[in-house]
Amino acid sequence: MPLCHSSPAILSLLKTSKTLRDLNQVHAHIIRRGCEQDHYLIAQFLTICTAAEPTNVCYPTAAFNAVISPNIYLWNILMKIHCENAPLSGCFSLFRRMREGGNVVPDKYTFPSLIKACSSVSALRDGRVVHAAAVRCGTEGDVFMGSSLIDFYGKCREIESAWKVFDGMDVRNEVSWTAMMVGCLDCGDMDAARKMFDEMPKKNDATWNAMIKGLVKSGDLVTAKKVFNEMPVRDAVSFTTLIGGYAKAGDMAAARFMFDQMPSKDLVSWSALMSGYVQNGKPGEAVKVFGEMRAMNLKPDEFILVSLMSACAQLGSSELARWIESYMHEGPYDTTRPHVAAALVDMNTKCGDMARATKLFEEMPQRDLVSYCSMIQGLCIHGRGAEAVSLFYRMIDEGVRPDGVAFTVILTTCSHAGLVDEGCRVFDLMTDKYFMSPSPDHYACMVNLLGKSGRVKAAYELIQSVPMDSHAGAWGALLGACRSHSDVELGEMVAKKLFEVEPQNAGNYVLLSNIYAEADRWLNVSDLRERMSEKGLQKVPGCSYLDSTTLA
DNA sequence: TTAGGGTTAG
């Protein structure tokens, strides 16, 4: 029996609590007044607890554990807290505890959070188990249940299962429709998504924004803008989605224009604008935006600081780097969080402070894939290829599994440092131990590596064995190698291939012409120059293919 | 009795 009935004094105290300190005080009151078994009061406490300290799972769990016989409300609240902040395994052990010793039966409020936790990590098998449990509990007819299942199957790319849930629902609302539409969008089925968008009885902001996002992702910015204009009330999300779309398309003028149109800008929109400038190689602009933001007395979050650090890395300014670091130490920023730490390492290597980068890297509580890659790349930039390779193996020893990007980084390093045998070993490791199929970029790295070390024939054989469509980058690297090793015969074959795959690239003609010139084959040179002018190709001096297409 | 769940942006 509760000793007190939701003491109004404690309740009102609880409602004004904002910080952990406030909560500790209220908690002390709860314990002193013997209210630890008051379900209603503890429910309030748990809710406010996570609002104040979202990532702290331990504290609400401890308060919950003090309740002798928690009711279903309390179980569901704690379940949601775990689902949002704890690893999936923790959520499932809580779920087991609830079913085995909880003396309660899971209800329709229990499952949606669990399903959501499964979809956030695409845990298809686990989600199916929860789905089955929900069916056994007779809650699968609930709209929330259905919507979370549609979202889950959509995120796991099981669109057929999503449709089955959607079609089987007796009652659907805008959330269920939106979740299904997002499933179609993620599968690339624009027609089905558009049909749903047009046919659904009711739309909310999330619906409109999801459609805009899908159109942006498919590259159709014109229709995205049209839908945006048709939206009854545009919120920060809609603006930010379009800003991101323009940034990805390289149109920073349009992105900036959208940003300036926003009636109220939040941190996410500032961050989108900044990272747009960073992505488009305009670090100076990103730094300027950061200045504008600070002038408005806005407190940057970690995302924004990561963008600022990337901008600084591009600028290579050690002064700015030092300023950012001291700024972060003053504020409430957690510099040990993986993405922040990785950005710090990257910034310091690119601004020339390898000692600082190494110190930061070694002092991290745990090094993840991204921080390892930042450090490996840093060593590569500073010409310390051998150290980079041994760091790569240390990463594997520490149990961090390399992904495709990590292999690109290490292969590029080997290629820059001329570590041919090491590169070949890494390439074999990727295919034989990790069973990864190399991407065009990986092949390009290998061709570069073999080609630069003079093994042009081996490079040619590798590229011919590639089971995918020829990648211009790899062939281009090989042509470059043919030039530096004066292999006219192979150069001709490679160039022929390149003229097929990228006929617009004048650089390939120039390379071949240089190969001829170095072999004193002037007749071939003039032939080639003629073919170039016939095709209307012109090589801009000092400008690569990438530059000229970007400018166009 | 009061309280608890699902869709959209960096």
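A, B, ... follow the sequence lines: proteins, then strands. Residue 1 opens every chain. Since this is a predicted model, take the numbers as computed values, not measurements.
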Subject >> Donor-acceptor pair present, A:Ser148 side chain and B:dG6 base, under 3.5 Å >> reply: no
Original post:
Between the base of B:dA3 and the side chain of A:Asn76, is there a donor-acceptor distance below 3.5 Å?
Top reply: no
Nearest-nucleotide pick for [X], side chain only, options being [options]:
{"X": "A:Phe303", "options": "B:dT7, B:dA3, B:dG10", "result": "B:dG10"}
{"X": "A:Ala272", "options": "B:dG10, B:dG4, B:dA3", "result": "B:dG10"}
{"X": "A:Ala43", "options": "B:dG10, B:dA3, B:dG6", "result": "B:dA3"}
{"X": "A:Asp107", "options": "B:dG4, B:dG10, B:dT7", "result": "B:dG4"}
{"X": "A:Asn71", "options": "B:dA9, B:dT7, B:dA3", "result": "B:dA3"}
{"X": "A:Ser275", "options": "B:dG6, B:dG4, B:dG10", "result": "B:dG10"}

Original post:
Where along residues 290-302 of chain A does a heavy atom come under 4.0 Å from DNA chain B, residue by residue in number order?
Top reply: A:Asp301
Original post:
When you measure from every atom of DNA chain B, which of residues 233-254 of chain A have a heavy atom less than 4.0 Å away?
Top reply: A:Ala236, A:Val237, A:Thr240, A:Thr241
Are side-chain N/O atoms of [X] and [Y] paired as donor and acceptor at under 3.5 Å?
{"X": "A:Ser269", "Y": "A:Thr240", "value": "no"}
{"X": "A:Ser218", "Y": "A:Asp220", "value": "no"}
{"X": "A:Ser439", "Y": "A:His442", "value": "yes"}

Original post:
Can A:Tyr40 be called stacked on B:dT2 when the rule is centres closer than 5.5 Å and an angle between planes below 30°?
Top reply: yes
Write down the distance between [atom1] ([X]) and [atom2] ([N]), rounded to a whole number of angstrom.
{"X": "A:Ile48", "N": "B:dG4", "atom1": "CD1", "atom2": "C1'", "result": "14 Å"}
{"X": "A:Leu41", "N": "B:dG4", "atom1": "CG", "atom2": "P", "result": "14 Å"}
{"X": "A:Ile77", "N": "B:dG4", "atom1": "CD1", "atom2": "C1'", "result": "5 Å"}
{"X": "A:Lys155", "N": "B:dG6", "atom1": "NZ", "atom2": "C1'", "result": "10 Å"}
{"X": "A:Leu215", "N": "B:dT8", "atom1": "CG", "atom2": "C1'", "result": "14 Å"}
{"X": "A:Ile304", "N": "B:dA9", "atom1": "CD1", "atom2": "C1'", "result": "13 Å"}
{"X": "A:Asn209", "N": "B:dT7", "atom1": "CG", "atom2": "C1'", "result": "11 Å"}
{"X": "A:Met262", "N": "B:dG10", "atom1": "CE", "atom2": "P", "result": "13 Å"}

Subject >> Name of the residue among A:Leu13, A:Asn24, A:Leu14 meeting side-chain contact (heavy atoms from CB on, under 4.5 Å) with A:His29 >> reply: A:Leu13
**OP:** Please say which of A:Ile81, A:Ile77, A:Ile42, A:Leu74 ends up in a side-chain contact (heavy atoms from CB on, under 4.5 Å) with A:Phe64.
**Re:** A:Leu74
**OP:** Please confirm whether A:Lys108 makes a cation-pi placement over A:Phe144, using NZ or CZ under 6.0 Å from the six-membered ring centre and within 45° of the ring normal.
**Re:** no
Original post:
Between A:His131 and A:Phe111, is the gap from one ring center to the other below 6.0 Å?
Top reply: no
Original post:
Any chance the rings of A:Phe197 and A:Trp208 have centres within less than 6.0 Å?
Top reply: yes
Subject >> Ion pair A:Glu158/A:Arg128, N-O distance below 4.0 Å >> reply: yes
So what does [X] touch, heavy atoms closer than 4.0 Å: a base, only the sugar-phosphate, or nothing?
{"X": "A:Ile212", "answer": "nothing"}
{"X": "A:Val306", "answer": "nothing"}
{"X": "A:Asp205", "answer": "base"}

Return no unless some side-chain N or O of [X] is found under 4.0 Å from OP1 or OP2 of [N].
{"X": "A:Lys217", "N": "B:dA9", "answer": "no"}
{"X": "A:Lys116", "N": "B:dT7", "answer": "yes"}
{"X": "A:Lys213", "N": "B:dT8", "answer": "no"}

Original post:
Between A:Glu302 and A:Arg337, does a salt bridge (Lys or Arg N to Asp or Glu O under 4.0 Å) hold up when you go through it step by step?
Top reply: CA-CA 9 Å; A:Glu302 282 167 0; A:Arg337 287 183 62 173; 3.0 Å; yes
Subject >> Full working for salt bridge (Lys or Arg N to Asp or Glu O under 4.0 Å) between A:Glu292 and A:Arg256 >> reply: CA-CA 13 Å; A:Glu292 280 175 55; A:Arg256 178 76 218 203; 3.0 Å; yes
